[in-house]
Every structure is written in structure tokens, then in C-alpha cells.
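Heads up: the structure comes next, in C-alpha cells.
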Amino acid sequence: MRVGFYDSGLGGLTVLKEAIENEGLSQEIYYLGDTKNTPYGTKDEEFVKGVIRENVEYLVNIGCNPIVIACNTATSLCINELREKYKDIILIGTEPAVKVAADSKINKKILVLATSITVNQEKLHSLINKLNIEDEVELCPADKLVTFAENVNCNSMTKEINNYIKSILLKYNLNDFSHIVLGCTHFPLFRNNFKSVINEINPKIEISIVDGAKGISKNLIRYIDKIKERDSNNICKKNITVITTSENKQFVLRTRQILNIDEINFQTKLH
Ligand code: DGL
């Protein structure tokens, strides 16, 4: 079984890491990071849809099934049309973990941070409407975090990153909030930055920072178990291949750091 993961860049690795480390994912894994076109969140929607179609088709053509669209932006733009097109492929999407936050909040608000595209898409708004929490949710784009995460010098930019996070959080009275939802798979890479900025703003604030990685990983493992039940030969030894859409040595380094795994095959798929 080949399991595909797809994101605009490094963000989906936060989902893959959760699936491997905490849910025991162990299959032939193909991770596609669209390094050539990242970031998606601030680009023209039709352009982004075009690259999503092309990249998902690539994963389908190399035999991936299931495929995790480990990108909120791609999910909000295209998941319906992709499911329509690939009826035989299990496509697992990623949505901001608003429900996780709503299920455990107590009389306080939820701050959802995501990319501009995700924040503007109907998909997120209808999720919030369905949960009937329109008045208790604030949505805020935080696109620069994606650019920071993909930046070569990310590890030495703590001050700049923290200042950016602070500039966003200071728009709100954090005492009114019980949860911050990291609605972009890149953002959990900065979980510690969020914690330290919140602590700096007010050490007494109690606010939970949530993301969707656990839910997606559990969902993925459920599908894999079902496939294994039907076909016990459809099991492979864990093997990770990371494919980028441009030459990017830094990506190789950062992937090893994030996953904390040395044995990874790297390939470049040039359009
Ligand atoms: N990691 C992505 C997401 O979850 C994509 C961010 C971007 O490329 O702007 O939305």
C-alpha cells in the first residue's frame, strides 16, 4: 500500500510526523511538497487549483491510495472536486480543528489562524455555521508563518517570528479566548513560539493551542486498517520518499529535522 501525503511545502510533515510517531503509520509513504509554488495561501485561487490538480494526479498516477491532503488551503479549495474525480481513491482532507475546540470550550471564544485562502473560503464558514458558533469564533489570516517555515534561515529567525505572532495575538484580548486553532499545517511548527509569546503577553492566560493532526492521523489509520482487513497482502515495510517540485537542499535538511528520521529518499519532480 502506498500512502500519499500532499502539501504546498513542509507543513504536511506535521501531520505525517503525528501519524508515524503517535499512530504507528508504517507503509510505503510518498510525501509531495510543492516547493516550487509555495506558499499557496496568498496566491490566485485559480492558479492554486491548477497546481493542486496536477500534484494530486501525480500521486494518484504513482499508485498512492489513500492520499492525505495535508493542507487546509488545498482542502478548502479542491477536496470536493478531487473526490468527484477520483472516486476509487480515499482522499483525506484537512480542516481547521474548530470542532475539537468547540467541543471543549467553556464560555469563551475560539481564535482560528489560517491562510488567507482558507479564511475566505466557504468551507470554513459553513463548518462554523454548522457548529452554530458564528459569534464565538474570530478568523485571522497568518500567511507569513508559511513563508517563515519555508525560509532557509527559519531556525535563526525566532525574534522575527515571535514578533509576527505577537502582532497577531495583540489584536485580541486573549482572556476572552479558550482556544487558538492552528488552521494551517505549517503553523504547528511554531507551537513553542506561540507558547512563549502568550507567556510574554500574560503568563496567567490559559489558552489551548489545537491543530488537526491527531484527528487526520486517526482517520488515516482507520482507512488503512480497513484495507488491510480486506487484503492482508497489501502491507509494506515503512519506507519514506519525499518529492519536491524544485531542487531544494534546505527542504531535505528540514524534513529530516522535523521527522527526526535519517532514512528518507528524496526525489525531485520537475514540471
Ligand atoms: N500548509 C498549508 C495549509 O495547511 C498551505 C499553506 C500555504 O501554502 O499557504 O493551508
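Note that this is a predicted model, so its numbers are computed, not measured. In each ligand, atom 1 is the first atom listed, and ligand 1 is the first ligand listed.
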Kindly list each side-chain donor-acceptor pair under 3.5 angstrom involving residues 57-67, sequence neighbours excluded, with atom names and distances?
residue	atom	partner	partner atom	Å
N61	ND2	E57	O	3.4
N65	OD1	I90	N	2.8
N65	ND2	D88	O	3.2

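At a heavy-atom distance under 4.0 Å, only side-chain atoms of D7, from C-beta outward, approach ligand 1. Looking at N72 against ligand 1, both its backbone and its side chain come within 4.0 Å, counting heavy atoms. Heavy atoms from both the backbone and the side chain of T73 come within less than 4.0 Å of ligand 1.
Y172 has its ring centre less than 6.0 Å from the ring centre of F177.
Taking a cut-off of under 4.0 Å to the non-hydrogen atoms of T115, the atoms of ligand 1 that pass are 6 (C), 9 (O), 10 (O).
When only interatomic distances are considered, the shortest N/O to N/O separation between G11 and ligand 1 does not fall below 3.5 Å.
Among all protein heavy atoms, the one lying closest to atom 9 (O) of ligand 1 is G41 N, 2.7 Å. Of all protein heavy atoms, the one lying nearest to atom 7 (C) of ligand 1 is Y40 N, 3.3 Å.
With 3.5 Å as the limit, one finds a donor-acceptor pair spanning the side chains of T245 and D34.
The pair K238-E28 does not meet the salt-bridge criterion, since no charged nitrogen lies less than 4.0 angstrom from a carboxylate oxygen. Checked for salt-bridge contact, K214 and E23 meet the test: a charged N lies under 4.0 Å from a carboxylate O. Classification of K226 and E229 as a salt-bridged pair fails, no side-chain N sitting under 4.0 Å from a carboxylate O.
The shortest heavy-atom contact between T185 and N72 is N-ND2, 3.3 Å.
Looking at E150, H186, E95, K43, it is H186 that brings a heavy atom closest to atom 1 (N) of ligand 1. Evaluated by nearest non-hydrogen atom to atom 5 (C) of ligand 1, the leading choice among A114, A74, S8 is S8.
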